[in-house]
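These notes concern the structure reproduced below.
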Number of protein chains: 6
Amino acid sequence: MSNPLSHINAAGEANMVDVSDKQVTQRSAIAEGYIYMSAAALSAVIEQTNAKGDVLATARIAGIQAAKQTSQLIPLCHPLALTKVSVDFAIEAEQSRIRIEALCKLAGKTGVEMEALTACSVAALTLFDMCKAADPAMRIDGIRVLSKEGGKTGHWQA
Amino acid sequence: MSNPLSHINAAGEANMVDVSDKQVTQRSAIAEGYIYMSAAALSAVIEQTNAKGDVLATARIAGIQAAKQTSQLIPLCHPLALTKVSVDFAIEAEQSRIRIEALCKLAGKTGVEMEALTACSVAALTLFDMCKAADPAMRIDGIRVLSKEGGKTGHWQA
Amino acid sequence: MSNPLSHINAAGEANMVDVSDKQVTQRSAIAEGYIYMSAAALSAVIEQTNAKGDVLATARIAGIQAAKQTSQLIPLCHPLALTKVSVDFAIEAEQSRIRIEALCKLAGKTGVEMEALTACSVAALTLFDMCKAADPAMRIDGIRVLSKEGGKTGHWQA
Amino acid sequence: MSNPLSHINAAGEANMVDVSDKQVTQRSAIAEGYIYMSAAALSAVIEQTNAKGDVLATARIAGIQAAKQTSQLIPLCHPLALTKVSVDFAIEAEQSRIRIEALCKLAGKTGVEMEALTACSVAALTLFDMCKAADPAMRIDGIRVLSKEGGKTGHWQA
Amino acid sequence: MSNPLSHINAAGEANMVDVSDKQVTQRSAIAEGYIYMSAAALSAVIEQTNAKGDVLATARIAGIQAAKQTSQLIPLCHPLALTKVSVDFAIEAEQSRIRIEALCKLAGKTGVEMEALTACSVAALTLFDMCKAADPAMRIDGIRVLSKEGGKTGHWQA
Amino acid sequence: MSNPLSHINAAGEANMVDVSDKQVTQRSAIAEGYIYMSAAALSAVIEQTNAKGDVLATARIAGIQAAKQTSQLIPLCHPLALTKVSVDFAIEAEQSRIRIEALCKLAGKTGVEMEALTACSVAALTLFDMCKAADPAMRIDGIRVLSKEGGKTGHWQA
């Protein structure tokens, strides 16, 4: 039976998968995540956002920058020349949370879901950093891949 | 009323808080997080871990390295000379998840909870990367601060 | 006569100045710079800024992040744990330019003017990047130190 | 009317332009910049350079290294696998300045003028760092693109 | 006669070689290196490794990560999108040393021997760091290229 | 008996040593290393160096920059604010080699020998990169600590 952990070889050693012979195809991935915070903290974000403050812009830039650094953060990720990164936010006041969605694209040999997940995670951490004086008990939740396209497996949807 | 978002100034602009006049004190923070995966993926991790493969070691190193890069990832974080970082894992098979706990310490002017949260997040992303061939539908959840010590506010517990 | 280039030793070799025995004092530096652009490009920035778009926020974050990376960019700079960085913009429509001002602070052994200059430069480059489709002939000008405080030389003003 | 700021979307949000469908073509860009300094500081540089000291070599290496880090410094720049970077200096004693010229090349989907501008800026900052003991009032000026080749727009000259 | 130092131009200036017109071919390189240590230190590594501790895993991850950062460490190296990196260890107790072997692969325009050498060097440094309390007099030796494939020169063997 | 590998805990896990309670003292370390090359390659370096080309300057800058990045390269190293780094070369033609010596200094809680070793290694790799067209069979050898000062152990000499 084949090893289900593709990055670990038969000897149990960490292993950067060889993608030398894979085809260059158009690839994309969408990931999402949430940060839950108190009503007071969320009100402060909403007020800032209505006043067009930099809260969401700062988190968006942090997420985009992080996507480009994924291979430096995650040891077995390949360095990739991303052709597109975007990070979007939706304030969902009833659930006391902010939703984060990240899209990454690439013409390359391996998928970009780790880049999209990294963008979501770092955007969430940046929101945490800016709101932690208002609510130190926030929680980052539900970081996952929504869909991916390209490569041998083609379309995948959560 | 004072602005509850300390990193945003009166004009709504992102702002690295001035800690020049804060005291240097011993500080520490503990954060946790979880990655949920299918029984099959978790079995693969358990089998690898029992066989002493590199799965958890790889995620641990990634988390420690990320803690040291926090100020490059999160725009308004101060650069800090961490004196201690550790990352620990507990496989919780009944809940189909792996628990991650990170501890950071510093003798400095500002808290280290963002560093602990970043360590947890990147350790979780690294586990995701290694297990995604076995289960692309994993979910990173419950990233939060458990406790922090030091500074003007002293002890805080979730 | 002593060598006026402090980073070059008697043999002409590049040299990171030894600050081991210098006192830790409160230090700060303010730098400024300008980017000149066509009326059309500046109008687009003004319109975006009035509509509270992310143009200036993006350049501000880039400048703050760059200040923290100064010692990685400039070979003979010491790594410094900045305690404060801010970047501000003023749109000066009559002169067809945007003014950038950066402030850095540190309790440390060496000055922070290179950090403030780096923040200005990278903020200007980021504005260039965002406006280059509107005007590829922009010019970054007048990057210099306005004032610095702290250390043996005390107050210095341009 | 289309938005003249290509990196800002209709909602005013920062946006990494999607280059997935652009052609890979040979691209190059040349940028220039100047650093003005006192006669005394410039004399020190000339003397060092005549004595074949490391002043210009240090600034050259810093500029080349910075070109390769452009996408980490400028938030909306794509990561690019540059095929050539060079940085040249001309000491222009009559104008009390050093001229910097940077060339970048790439076979890729997007232009390299930001890389050339970044190389010029960081080379200038490095000269500033090495000469600041001799003249703290230096000024970096005239950073701009001289020409670019490749892509849909073809040849552009300042 | 042509200059045998390809990265230095006719004026003696450091120079990133222009690979714009080179063919994209499959390339690979294998490098090796050794760290010599006292019998006591090597015993500790062996004991740890038998107990499946993280010693070799930590050095392996450090080597893989370093390969991906080669162009940021070595000024005239081109940024490369490596398709494969692996790092292996052999404990050679009779010679009181650990052997390190690194393999890098790329479909690209320039060779990857610097990446393989960097992986070996940083893996060796990481072993040094972990063992230095047991033996501060260790020695890293014999870092060299064993073989390379691809490009105009084709196969090369040490 | 205590574990001789200080970075590995009782469970065999990689571990960043806690230096929170250590004293801040003046620390320094000197490391050396060698690169051996063919007579032809060494002649090219000598000729370049006599002509005051950038060969050694480039390697020196690379070594200095690498010392500052040590904690990003070596997973369990603490981030340190080095107060001094220098890298020197001696061409030893009779032994067909170049000797590299690096000095690092710090007022801090932990030693700087890893920083000095990293500076030597990356300076050697940079020389390798520049000379590899002249001699692909070079060998980096004898990287070790010569002496260190400061901290609880005081003076140590190889």
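Since this is a predicted model, take the numbers as computed values, not measurements. Just so it is clear: chains get the letters A, B, ... in the order the sequence lines come, proteins before strands, and each one is counted from 1.
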Interface check, chain C: of D:P75, D:A66, D:A133, most non-hydrogen pairs under 4.5 Å belong to D:P75
Answer key: most heavy-atom pairs under 4.5 Å with chain D among C:I61, C:T58, C:L73 is C:L73
Listed by number, the residues in residues 79-94 of chain D that come under 4.5 Å of chain C (heavy atom to heavy atom) are none
Under 3.5 Å, which donor-acceptor pairs link side chains of residues 28-39 of chain D to any protein atom two or more places apart or in another chain?
| from | atom 1 | to | atom 2 | distance (Å) |
| --- | --- | --- | --- | --- |
| D:E32 | OE1 | D:Y34 | OH | 3.1 |
| D:E32 | OE1 | D:R99 | NE | 3.0 |
| D:E32 | OE1 | D:R99 | NH2 | 2.9 |
| D:E32 | OE2 | D:R144 | NE | 3.0 |
| D:E32 | OE2 | D:R144 | NH2 | 3.1 |
| D:Y34 | OH | D:R99 | NE | 3.3 |
| D:Y36 | OH | D:R97 | NH1 | 2.8 |
| D:S38 | OG | D:A41 | N | 3.1 |

Residues 145-158 of chain C vs chain D, non-hydrogen distance cutoff under 4.5 Å, contacting residues -> C:V145, C:W156
NE2 (D:H7) and CD (C:Q48) are apart, to the nearest 0.5 Å, by 13.0 Å
Most contact-rich option vs chain D, by heavy-atom pairs under 4.5 angstrom, among C:S6, C:G111, C:P136, C:A62, is C:P136
Given D:D135, D:D129, D:I140, the one with more heavy-atom pairs under 4.5 angstrom with chain C than any other is D:D129
Can a donor-acceptor pair be found, under 3.5 Å and without considering hydrogens, that links the side chain of C:D141 to the backbone of D:D141? no
Honestly, the part of D:Q65 sitting under 4.5 Å from a heavy atom of chain C is neither
When the 4.5 angstrom heavy-atom criterion is applied to C:I8 and chain D, the contacting part is side chain
Listed pairs under 3.5 Å, donor-acceptor, residues 116-128 of chain D side chains, sequence neighbours left out:
| from | atom 1 | to | atom 2 | distance (Å) |
| --- | --- | --- | --- | --- |
| D:T118 | OG1 | D:M114 | O | 2.7 |
| D:S121 | OG | D:L117 | O | 3.0 |
| D:T126 | OG1 | D:V122 | O | 2.8 |

